[in-house]
Amino acid sequence: MASISTSLVLVALLISLLVSLSLAGDAFVYYDFEVSYITASPLGVPQQVIAINGKFPGAPINVTTNNNVVVNVHNKLDEDLLMTWAGVFQRRTHWQDGVLGTNCPIPPKWNWTYQFQVKDQIGSFFYFPSTNFQRASGGYGGFIINPRSVIPIPFALPEADIVIMIGDWYTKSHSDLRKTLNGGKALGMPDGVLINGKGPYKYNDSVPDGIDFETINVHPGKTYRLRVHNVGISTSLNFRIQDHNLLLAEVEGSYTVQQNYTSMDIHVGQSYSFLLTTDQNASSDYYIVASARMVNETTWQRVTGVGILKYSNSKGKAHGPLPEPPQDQFDKTFSMNQARSIRWNVSASGARPNPQGSFKYGSINVTALFVMQNKPPVKINGKKRATINGVSFVNPSTPIRLADKHQVKGDYKLDFPRRPLKGSPRMETSIINGTYRGFLEIILQNNETKVHTYHIDGYNFFVVGMDYGEWSEDSRGTYNKWDGIARTSAQVYPGAWTAILVSLDNVGVWNLRTENLDSWYLGQETYIRVINPETAGHPNLALKTELPPPDNVLYCGALKKLQKPQRISSAANNPIQLIFTFVMIFAVILHVR
Ligand SMILES: *[C@@H]1O[C@H](CO)[C@@H](O)[C@H](O)[C@H]1NC(C)=O
Ligand SMILES: *[C@@H]1O[C@H](CO)[C@@H](O)[C@H](O)[C@H]1NC(C)=O
Ligand SMILES: *[C@@H]1O[C@H](CO)[C@@H](O)[C@H](O)[C@H]1NC(C)=O
Ligand SMILES: *[C@@H]1O[C@H](CO)[C@@H](O)[C@H](O)[C@H]1NC(C)=O
Ligand SMILES: *[C@@H]1O[C@H](CO)[C@@H](O)[C@H](O)[C@H]1NC(C)=O
Ligand SMILES: *[C@@H]1O[C@H](CO)[C@@H](O)[C@H](O)[C@H]1NC(C)=O
Ligand SMILES: *[C@@H]1O[C@H](CO)[C@@H](O)[C@H](O)[C@H]1NC(C)=O
Ligand SMILES: *[C@@H]1O[C@H](CO)[C@@H](O)[C@H](O)[C@H]1NC(C)=O
Ligand SMILES: *[C@@H]1O[C@H](CO)[C@@H](O)[C@H](O)[C@H]1NC(C)=O
Ligand SMILES: *[C@@H]1O[C@H](CO)[C@@H](O)[C@H](O)[C@H]1NC(C)=O
């Protein structure tokens, strides 16, 4: 008797110990992503689209600060795949970043499990396939990081969270678009704009019949949080909702000073959270519009996405002309002034209880300056290529840190130029030698005639200035040294510059790229390699700043022979296994008879 109760007590103790251990650690959240082709007709023409678990766009990843996120990605496409989590900066583990400089691609029919912690982050981001131009066919979805319940948010809890993915769209598949680019041609005007994977509402006769459009259902007198992402290829979009204000609240992981806008220019790769108050009298439904910007809006009329905001007490359909875009075709400073008006709420708490503004970026000394100039595409070795500082990036055949760990020589060079190179452009795997705990000043100088959005993985950065013309040292006098927004992307207007400050506090190699898919595909990117020099010869110390490669790391390039073939587990994937299974079932049936 005594011994039984003792063991019961021991078991109970053990259980409570296990429970408290698991409570002490950060929670794990699991996702399974089957990435496959489906046929859809977003613009009325059937075409091949990339879906996540059969859905286009994919369902959002929706987690809380400090969660450990595990995503098992199954590649059911006919080509290599990598998923990236743009703006979600994996601390110490670029091994999970999902770009070719950090990861070997997942071959067709294989799966690969990502695991990373969303440490000290909040905000609205999105995931997408990073290779082979696949984002042009979809494969994207939202990525939400909610604050922990103990951290206050700087607005009343909204009625609901609504993810809106907007983007230009072609009826050609990503592989056909890739062929166009490989052939040295430009993509031309997109065929339309999608809102959550759907085409335009028939707002007038210019829109063909029978197109399925997005409807967002709301109740009157409430406030909703809209998380809007431009997931397109290269078109800047003006986002607006008829008769409604958009109260800007968060940009890529930072709370903003809350201000009303009647419309917002959202450039490729950018994410914004707005609070939408349903304060209209619902005499009809309202148009949700995402229309092309920084182009001749008359000739680009078809590049307009239109959805519907429907109140539960709506008295009828939306009708009449679309709400007007900003009337500034000849005032190129409108959009830039709007961008400059976005400011950091320095007193609000972000992911941690202390105010966002306690990191006083304006008083930190810059340790290195890079002036990065992009140019219109040029021919290099007979191929059309895009460049930054005269370098068109070539992906390393072995991911950069994997090459370091295995002493693969000649995989890349640490010589990315600090200023635009004079002389003829070249194709190279040239990356930035970053200094751990350094504070970089990067000037993005856009020498092209279209807007670019630059993005850096692994960090958010401060957008401190932008203006037309050439940047000079005197331009620093105009910097916002107090409440410039910390975000993960920054637009650069044509013939203009944007200045950003980056604190290199995250060890690894991190992709710096234009989010404009065509220029990215043609080489407008590089990486920043940030190594903690104190850890040389101190493996335990090294673990504190950079995690080792995960157990399931994939090998390719010079290390290809280290890769074990993947056993394809699902019978449906393997005809021989499938036949074997049938034979076995048949044998069992015969045996039973
Ligand atoms: C592939 O998926 C299976 C489960 O379906 C999982 O057990 C395995 O770890 C995954 N492989 C990799 C390399 O992540
Ligand atoms: C995300 O999850 C939270 C609860 O944790 C929920 O309130 C919210 O509606 C979810 N958002 C989306 C877009 O699913
Ligand atoms: C924003 O506009 C709404 C009306 O749509 C108004 O109620 C609110 O006070 C405005 N907020 C600010 C900060 O201007
Ligand atoms: C309310 O609805 C009526 C039509 O039902 C419309 O004429 C009026 O302009 C609307 N008022 C507001 C403030 O939107
Ligand atoms: C836009 O294109 C239309 C039609 O080609 C032309 O008439 C108009 O002048 C153009 N507008 C601008 C601002 O270039
Ligand atoms: C359709 O609407 C657009 C924008 O409101 C307008 O410019 C265009 O003239 C209209 N086209 C037709 C055929 O009515
Ligand atoms: C900034 O955040 C604080 C919460 O700390 C909030 O009370 C305040 O309204 C916000 N300010 C603006 C201008 O949005
Ligand atoms: C920044 O540099 C100045 C000299 O240029 C120096 O006086 C100051 O202490 C430095 N500040 C920090 C925070 O290192
Ligand atoms: C990279 O920078 C470090 C200082 O941060 C320096 O010691 C090293 O020599 C540099 N490497 C190259 C190849 O320039
Ligand atoms: C590109 O650079 C050249 C040379 O500095 C300059 O003359 C030209 O105006 C620039 N173009 C743009 C669009 O910035």
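Heavy-atom basis, side chains included; hydrogens, waters and symmetry copies ignored. Just so you know, these numbers come straight off a predicted model, no measurement behind them. Counting starts at 1 for both ligands and their atoms, in listed order.
Nearest protein heavy-atom contact of atom 14 (O) of ligand 3 is Asn260 ND2, 3.0 Å.
With salt bridges taken as basic N to acidic carboxylate O contacts below 4.0 Å, none links Asp518 and Lys185.
Ligand 7 places these atoms under 4.0 Å from at least one heavy atom of Val257: 13 (C), 14 (O). Ligand 3 places these atoms under 4.0 Å from at least one heavy atom of Asp279: 4 (C), 5 (O). Shown in contact with Ser347 at under 4.0 Å from a heavy atom are these atoms of ligand 7, numbered in order with element: 1 (C), 2 (O), 3 (C), 5 (O). Taking every heavy atom of Pro154 and a limit of under 4.0 angstrom, the matching atoms of ligand 7 come to 2 (O), 4 (C). Near Asn345, meaning under 4.0 Å from one of its heavy atoms, ligand 7 places the atoms 1 (C), 2 (O), 3 (C), 8 (C), 10 (C), 11 (N), 12 (C), 14 (O).
Between Tyr261 and Ser341, the side chains place a donor N or O and an acceptor N or O closer than 3.5 Å (distance only, hydrogens not considered). The closest side-chain donor-acceptor pair between Ser124 and Ser273 falls under 3.5 angstrom. Side-chain atoms of Gln280 and Asp243 form no donor-acceptor pair, as typed in the model, at a separation below 3.5 Å.
For ligand 3, the polar-atom distance check finds no N/O of Gln259 at less than 3.5 Å from any of the ligand's N/O atoms. Distances between N or O atoms of Ser349 and those of ligand 7 include no value under 3.5 Å.
For Ser349 (side chain) and Pro355 (main-chain N/O), no donor-acceptor pair under 3.5 Å exists by modelled atom type. Side-chain N or O atoms of Asp120 include none that pairs as donor or acceptor with a backbone N or O of Ala351 at under 3.5 Å.
Of the protein's heavy atoms, none falls inside 4.0 Å of atom 9 (O) of ligand 7.
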_side-chain hydrogen bond (donor to acceptor under 3.5 Å, both in side chains) between Asp265 and His267, worked out_ = CA-CA 6 Å; Asp265 283 343; His267 305 278; 5.1 Å; no

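Of the candidates Asn296, Thr298, Thr299, Asn296 brings a heavy atom nearest to atom 2 (O) of ligand 5.
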